[in-house]
Amino acid sequence: MRYVEANGARIPAIGLGTWELRGRTCARLVEQALKLGYRHIDTAQVYENEREVGEGLRASRVRRDEVFVTTKVWTTHFAPHDLERSAKESLTKLRLSEVDLLLLHWPNPHVPLSETLGALAHVKKIGMTRHIGVSNFTVALLDEAVAACPEPLVCDQVEYHPYLDQTRVREACAGHGMAVVAYSPVAKGRIKSDETLLRIGKAHGKTAAQICLRWLVQQNVSAIPRTSKIERLSENIDIFDFTLSDDEMLEIFGLGSAQGRLTDFGFAPKWD
Ligand SMILES: NC(=O)c1ccc[n+]([C@@H]2O[C@H](COP(=O)([O-])OP(=O)(O)OC[C@H]3O[C@@H](n4cnc5c(N)ncnc54)[C@H](OP(=O)(O)O)[C@@H]3O)[C@@H](O)[C@H]2O)c1
């Protein structure tokens, strides 16, 4: 496993995304992923699967201090007391005494950012999480957050895959010593039949998904692909035995554009 270092955190470069994984399927996939060598699990309060993620963790029998667990606070809990209560609830469901990373899931313009960040820093200080960070923050918001937060932020978790150009966010994170954590890293499965990725994959004996994930980790980005299929768990982590050339990296960068976003903003909070 490779790690991304960011403001004191050591984030495993590949993690298992768990959005939409529910019940026994979720617990079984988390358990199996950890048995296969995953050391990073991404969940969120709003995914309603923290309990099952915790079950999978325990069933795997992998030592707690070897696994990097991320969860996220939903936007309706950004007022200071709500945030602490929400974090406590997540820990209860996960049956953990602390998580490794706690993120603000989306920006919420209706609660002053400095208050939410103060509360986030507080839950870190009292030991509920080892690190804190944000998700879906634009460059402008990220700069504001870094300036306002009393504790270092370690990442911005954003949509990132070959079809979406995230140069500005990557540069901003690097400038703040923060990591980019890539969600929807295999473009929700769309990369599977991409001709460029398939051709590069053929040269390395790898699938399009493996080329895509390798391209991300070679940029020092951490990626959290989700799969509901046990056999794809191995595929998505088997990316550490080859290197993409500079030309191959550039060719994949060429697939990206500012319009390549796939996130269904129906999932984002409705502000009004
Ligand atoms: N912070 C945020 O706001 C936010 C937003 C979205 C997601 N996330 C996090 O990021 C994780 C990943 O993002 P995502 O779930 O949106 O998308 P993703 O990981 O890019 O794609 C998941 C889809 O790709 C398929 N897939 C996975 N591995 C594959 C492979 N090797 N070959 C072909 N298809 C493959 C899966 O199908 P099968 O199940 O059939 O394998 C699934 O339908 C989430 O689970 C969640 O933890 C965070």
Side-chain angles (χ1 to χ4, degrees), residues 11-22 25-26 28-30 32-33 36 38 40-50 52-53 56 68-76 90 94 99-108 132-138 141-142 153-164 166 169 173 179-194 197-198 201 206-217 221-239 260-269:
I11 309 174
I14 291 288
L16 176 68
T18 65
W19 179 34
E20 288 184 332
L21 299 180
R22 295 278 163 87
T25 309
C26 177
R28 213 166 45 96
L29 279 156
V30 169
Q32 199 56 33
L36 286 168
Y38 282 70
H40 174 181
I41 309 290
D42 181 84
T43 181
Q45 181 190 42
V46 81
Y47 299 170
E48 296 181 348
N49 64 8
E50 287 169 312
E52 290 78 13
V53 166
F68 193 95
V69 179
T70 300
T71 194
K72 314 181 192 87
V73 182
W74 191 239
T75 53
T76 44
S90 289
L94 286 158
V99 286
D100 297 276
L101 180 57
L102 185 66
L103 304 180
L104 302 182
H105 205 142
W106 283 87
N108 179 349
I132 55 175
V134 295
S135 180
N136 296 298
F137 272 40
T138 59
L141 268 177
L142 194 61
L153 295 167
V154 305
C155 80
D156 192 1
Q157 184 181 121
V158 293
E159 178 178 337
Y160 189 30
H161 45 71
Y163 304 136
L164 180 61
Q166 287 285 31
V169 173
C173 282
V180 170
V181 175
Y183 77 67
S184 305
V186 293
K188 299 185 186 285
R190 285 173 211 199
I191 45 73
K192 189 171 59 179
S193 44
D194 185 279
L197 299 177
L198 284 170
K206 295 286 175 183
T207 64
Q210 289 171 322
I211 297 300
C212 170
L213 293 167
R214 179 71 206 185
W215 174 77
L216 288 166
V217 305
V221 162
S222 172
I224 48 171
R226 162 182 58 108
T227 180
S228 55
K229 299 194 170 66
I230 300 272
E231 61 278 14
R232 281 187 175 156
L233 286 175
S234 329
E235 178 184 340
N236 290 348
I237 203 169
D238 185 16
I239 60 159
R261 198 176 299 280
L262 302 172
T263 306
D264 173 7
F265 281 100
F267 184 68

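Whatever order the structure lists ligands and atoms in, that order sets their numbers, starting from 1. No hydrogens, no waters, no symmetry mates; every other heavy atom, side chains included, goes into these values.
Here is the list of ligand 1 atoms found below 4.0 Å of a heavy atom in Tyr47: 4 (C), 8 (N), 9 (C), 46 (C), 47 (O), 48 (C). Less than 4.0 angstrom separates some heavy atom of Pro225 from each of these atoms of ligand 1: 19 (O). Of all atoms in ligand 1, listed by their number and element, those nearer than 4.0 Å to a heavy atom of Ile224 are 9 (C), 10 (O), 11 (C), 12 (C). Of all the atoms in ligand 1, the ones that sit under 4.0 Å from a non-hydrogen atom of His105 are 1 (N), 2 (C), 3 (O). The ligand atoms of ligand 1 that sit less than 4.0 angstrom from a heavy atom of Gln157 are 1 (N), 2 (C), 4 (C), 8 (N), 9 (C), 48 (C). The contact set between ligand 1 and Thr227, taken as ligand atoms under 4.0 Å from a residue heavy atom, comprises 27 (C), 38 (P), 39 (O), 41 (O). The contact set between ligand 1 and Ala209, taken as ligand atoms under 4.0 Å from a residue heavy atom, comprises 30 (C), 31 (N), 32 (N).
There is no side-chain donor-acceptor pair under 3.5 Å between Asn236 and Tyr38. Side chains of Ser184 and Glu159: a donor-acceptor N/O pair is absent below 3.5 angstrom, by distance only.
Contacts between Leu21 and ligand 1, counted as non-hydrogen atom pairs separated by less than 4.0 Å, are absent for every part of the residue. The parts of Lys188 lying near ligand 1 are both backbone and side chain, judged by heavy-atom distances below 4.0 Å. If you look at Pro185 next to ligand 1, the close heavy atoms, those under 4.0 Å, come from the backbone and the side chain alike. The backbone and the side chain of Ser228 each have at least one atom closer than 4.0 Å to an atom of ligand 1 (non-hydrogen atoms only). Neither the backbone nor the side chain of Ile191 has a heavy atom within less than 4.0 Å of ligand 1.
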Checking Thr25 against Glu52 for the side-chain contact (heavy atoms from CB on, under 4.5 Å) test, could you report, in this order, the C-alpha distance in whole Å, the side-chain angles of both residues, the deciding distance, and whether it holds? CA-CA 9 Å; Thr25 309; Glu52 290 78 13; over 6 Å; no
Please determine whether side-chain contact (heavy atoms from CB on, under 4.5 Å) holds for the pair Leu101 and Gln157, giving the CA-CA distance in whole Å, both sets of side-chain angles, and the decisive distance to 0.1 Å. CA-CA 11 Å; Leu101 180 57; Gln157 184 181 121; over 6 Å; no
Given Asp42 and Tyr47, is the side-chain contact (heavy atoms from CB on, under 4.5 Å) satisfied, shown in steps? CA-CA 10 Å; Asp42 181 84; Tyr47 299 170; 4.0 Å; yes
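Panel note: side chain Gln45, backbone Ser90; no donor-acceptor pair is recorded below 3.5 Å.
For the pair Lys72 and ligand 1, the shortest N or O to N or O distance does not fall below 3.5 Å. Geometrically, ligand 1 and Gly189 share a nitrogen or oxygen pair separated by less than 3.5 Å. Taking any N or O of Arg232, backbone or side chain, at least one lies under 3.5 Å from an N or O belonging to ligand 1.
With sequence neighbours excluded, the residues that form a side-chain contact (heavy atoms from CB on, under 4.5 Å) with Arg190 are Tyr163, Ala187, Leu262. Partners of Leu141 according to the side-chain contact (heavy atoms from CB on, under 4.5 Å) rule, which considers only residues two or more places apart in sequence or in another chain, are Pro107, Leu113, Phe137, Thr138, Glu144.
Side-chain contact between Arg28 and Ile230 is present, with heavy atoms from C-beta onward closer than 4.5 Å. Inter-residue side-chain proximity for His105 and Val46 is flagged as met; some heavy-atom pair is nearer than 4.5 Å.
The option from Ser184, Ala182, Cys212 that lies nearest to atom 18 (P) of ligand 1, judged by heavy atoms, is Ser184. The heavy atom nearest to atom 10 (O) of ligand 1, out of those in Tyr160, Trp106, Trp19, Tyr183, is found in Tyr183.
The two residues His161 and Gly260 come nearest to each other via the heavy atoms CE1-O, 3.4 Å.
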